[in-house]
Amino acid sequence: MATSVQVTLPNGLTYEQPTGLFINNEFIPSSDGELIASINPSTEEVIAEVHAASVEDIDKAVISARKAFKEVWKNYSIDGISRLLHKLADLFERDREILTSIEAADSGKPQISNASCDIDECILQFRYYAGWADKRGGTVAEATSDKLGYIVHEPHGVCGQIIPWNYPLAMASWKIGPSIAAGNVIIIKLAENTPLSMLYVGKLVVEAGFPPGVINIVAGHGKIAGNAIATHPGIDKVAFTGSTLTGRTVMAAAAQTLKNVTLECGGKSPMIVFDDADIDQAVKWGHWGIMYNMGQNCSSTSRILIQDTIYDKFVDALVKYTKDTYSVGNVYDATKNHGPVISKVQFDKILGYIESGKEQGATLAFGGKAPYEKGYFIEPTIFSDVTDEMKIWKEEIFGPVVCLSKFSTEEEALTRANDTTYGLGSAIFSADIARCLRVSRELEAGTVWINSSNDTSHRIPFGGFKMSGIGSELGQYGLDNYTLKKAIHVNIGNKL
Ligand code: NAD
């Protein structure tokens, strides 16, 4: 069975797309012949069919990964690991055009304004963690004449990583960088909707010189391949990014073998705009914080609470800014910044939420329509006068839909901002720094942006409180998730 196919993308680029399971540095067919069709959300046409991993295939990946860990990677030079990550970053730089072209077709991201930023993100991650590879040693806790007590940071071994479709390359890089730098070997399961770019990365992994079995990349169904990763006794840790519902399932499955678990899940993040805020800034960041990537961001600030005295002004300014800024259409046209949402399922779901907003009495201040016959395009949509009981206020929509609501006092804003089971992101806009710092401590979220929104950095940890997740990714804390801490007591005196 073929494990690659020649693809010509809508921008005319022709390339060889790997379609097999990338295990032990080779592309192999799935054991049961199961395929997944990857669909271009702009055209609704199939780009390519890729092999879907069966339970047996995950076993193969585990055998290959365990062998690589034991025989090669465990004692691999830490400088060598650093060089490999830098080399992977070099190859992402070299193949930017091809990677962004694939991503634009497969995930519907505008090539220049979105897909290219994802490549920048991957390069930063790989280089940042390349710098950490030789700094994971450990600490000394006790050094007296009687005793030396020290802690070494050791890799877990084989890590399973399950990623979503909204940032196929960037989410993978968040996991590859720290896990590899910490000395682990990995099996990444791609989302059903967006397998193409990361399968292409399999070729780069070989070219960079990673030993066979260190990085394994498989497409597959969540309930089969994803579940096999979460339950497998040969996998030591699982890191998952996706919905809260699936995160719970993964955690329950991982409990069978007491695997170490990291979860990055959903959100319904609030942004609070006080009446002393710089309104132009709040409007720009408010737009960016929800509309970037067509609203398909876990930490989108999708609920904006605005103080009553500036409410009307803010609503008008956000509508005007959105009208002037967004440009929907061909993802290969550099003047367009708003592509389709990922799939028919999401398209129908988001339009359903828009209908429910209208039915429940919110005011549709902008957008709300699907502008084209073909493709899963949805206009940026702004609802004002949203109240706390409405479905669009409570549930994660994961699309370009923002809810605006009025508040009077700081206490009210905080109570309503925190009234959610989620706790991923949050934002405050105010010129009063004392208030910003006070409110930031009260917000129940893993991240607080002061006078910005969704401004992530590879150096700063990112993770959820409440039902938005467990553990952090990015920065030094992201590395921490991928090491075990071993305490070593050395008796050097004569004490019993
Ligand atoms: P999803 O939960 O449906 O799928 C995520 C991944 O889990 C996919 O690879 C899927 O195949 C796999 N999966 C599905 N069922 C599984 C099972 N039973 N066992 C193991 N794996 C399984 O999520 P999605 O629709 O792909 O992504 C959207 C969601 O992801 C949103 O809720 C969003 O907020 C969240 N997300 C969170 C972050 C974060 O960092 N917190 C980042 C991006 C996306």
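Whatever order the structure lists ligands and atoms in, that order sets their numbers, starting from 1.
Interface atoms of ligand 1 facing Ile162, defined by a heavy-atom separation under 4.0 Å, are 6 (C), 7 (O), 9 (O), 12 (C), 20 (C), 21 (N). Counting the atoms of ligand 1 from 1 in the order shown, those under 4.0 Å from a heavy atom of Leu424 are 41 (N). Near Asn166, meaning under 4.0 Å from any of its heavy atoms, are these atoms of ligand 1: 43 (C), 44 (C). Atoms of ligand 1 lying under 4.0 Å from at least one heavy atom of Phe462, given by number and element, are 40 (O). If you number the atoms of ligand 1 from 1 as listed, the ones under 4.0 Å from a heavy atom of Pro164 come out as 26 (O), 27 (O), 43 (C), 44 (C). Ligand-side atoms of ligand 1 in range of Asn227: 19 (N), 20 (C), range being under 4.0 angstrom from any heavy atom.
When distances from atom 4 (O) of ligand 1 to the protein are checked, no heavy atom turns up under 4.0 Å.
Looking at ligand 1, you'll find an N or O of Glu192 within less than 3.5 Å of one of its N or O atoms. Considering backbone and side-chain atoms alike, Phe240 places every N or O at 3.5 Å or more from each N or O of ligand 1. Ligand 1 has no nitrogen or oxygen under 3.5 angstrom from a nitrogen or oxygen of His221. Residue Gly242 places at least one N or O, backbone or side chain, under 3.5 Å from an N or O of ligand 1. The shortest N/O to N/O separation between Trp165 and ligand 1 falls below 3.5 Å. Between Lys189 and ligand 1, at least one pair of N/O atoms sits closer than 3.5 Å. For ligand 1, the polar-atom distance check finds no N/O of Trp174 at less than 3.5 Å from any of the ligand's N/O atoms.
Between Ile187 and Ile235, some side-chain heavy-atom pair lies under the 4.5 Å cut-off. Considering only heavy atoms from C-beta on, Val341 stays 4.5 Å or farther from Phe377 through its side chain. Side chains of Ile176 and Phe126 form a contact here, defined as non-hydrogen atoms less than 4.5 Å apart. Between Tyr326 and Phe366 the shortest side-chain heavy-atom distance falls below 4.5 Å. For the pair Val50 and Leu35, the minimum side-chain heavy-atom distance is 4.5 Å or more. Trp174 has its side chain out of reach of Tyr167: every pair of non-hydrogen atoms, C-beta onward, lies at least 4.5 Å apart. Contact annotation: the side chain of Val201 approaches that of Phe92 to within less than 4.5 Å [non-hydrogen atoms, C-beta and beyond]. The side-chain heavy atoms of His156 and Lys259, taken from C-beta on, include no pair separated by under 4.5 Å.
Under 4.0 Å from ligand 1, the heavy atoms of Glu396 that appear belong solely to its side chain. The proximity of Ile229 to ligand 1, defined as any non-hydrogen pair under 4.0 Å, does not occur for either the backbone or the side chain. Residue-level proximity to ligand 1 for Thr241 is carried by backbone and side chain together, each with a heavy atom below 4.0 angstrom.
Nearest protein heavy-atom neighbour of atom 23 (O) of ligand 1: Ser243 N, 3.4 Å. Regarding atom 16 (C) of ligand 1, its nearest protein heavy-atom neighbour is Thr246 CG2, 3.3 Å. The single protein non-hydrogen atom nearest to atom 40 (O) of ligand 1 is Glu264 CB, 3.2 Å, given as residue, atom name and distance. Looking only at heavy atoms of the protein, atom 19 (N) of ligand 1 is closest to Gly222 O, 3.4 Å. At the top of the distance list for atom 20 (C) of ligand 1, counting protein heavy atoms only, stands Gly226 C, 3.2 Å. When only non-hydrogen protein atoms are considered, atom 18 (N) of ligand 1 lies nearest to Thr249 CG2, 3.7 Å. Counting only heavy atoms of the protein, atom 28 (C) of ligand 1 lies nearest to Phe398 CE2, 3.6 Å. Summary of contacts: the protein heavy atom closest to atom 8 (C) of ligand 1 is Ile163 O, 3.4 Å.
The shell of residues lying under 4.0 angstrom from ligand 1, judged by heavy atoms, includes Cys265. Residue contact annotation: Tyr167 has no non-hydrogen atom under 4.0 Å from ligand 1. Ligand 1 has Ala191 within reach: a non-hydrogen atom of the residue lies less than 4.0 Å from it.
For the pair Lys349 and Phe398, the cation-pi criterion (under 6.0 Å, within 45° of the ring axis) is not fulfilled.
Between Phe210 and Trp73, the ring planes lie tilted relative to each other; the angle falls in the 30° to 60° range. Using the six-membered ring where Trp is involved, His287 and Tyr321 have ring planes that are perpendicular, over 60° apart on the 30 and 60° scheme. Classification of the Phe22-Phe27 ring pair by plane angle, with boundaries at 30° and 60°, yields tilted.
Closest non-hydrogen pair, Lys175 versus Ile162, comes out as CE-O, 4.1 Å. For the pair Cys117 and Tyr292, the tightest heavy-atom approach, listed with the atom from each and the gap, is CB-OH, 3.6 Å. Scanning all heavy atoms of the two residues, the minimum distance from Ala65 to Val158 falls at CB-CG1, 4.0 Å.
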> Do Gln17 and Leu199 pass the side chain to side chain contact (heavy atoms under 4.5 Å, CB included) test, and can you show the C-alpha distance, the side-chain angles, and the key distance before you say yes or no?
Replying inline: CA-CA 8 Å; Gln17 171 66 53; Leu199 286 178; 3.8 Å; yes
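Which of Cys298, Ser299, Ser472 comes nearest to atom 38 (C) of ligand 1 through a heavy atom is settled by distance: it is Cys298.
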Tell me which donor-acceptor pairs under 3.5 Å the side chains of residues 456-464 have, and how far apart each pair is, sequence neighbours excluded?
residue: Ser457; atom: OG; partner: Arg459; partner atom: N; Å: 3.0

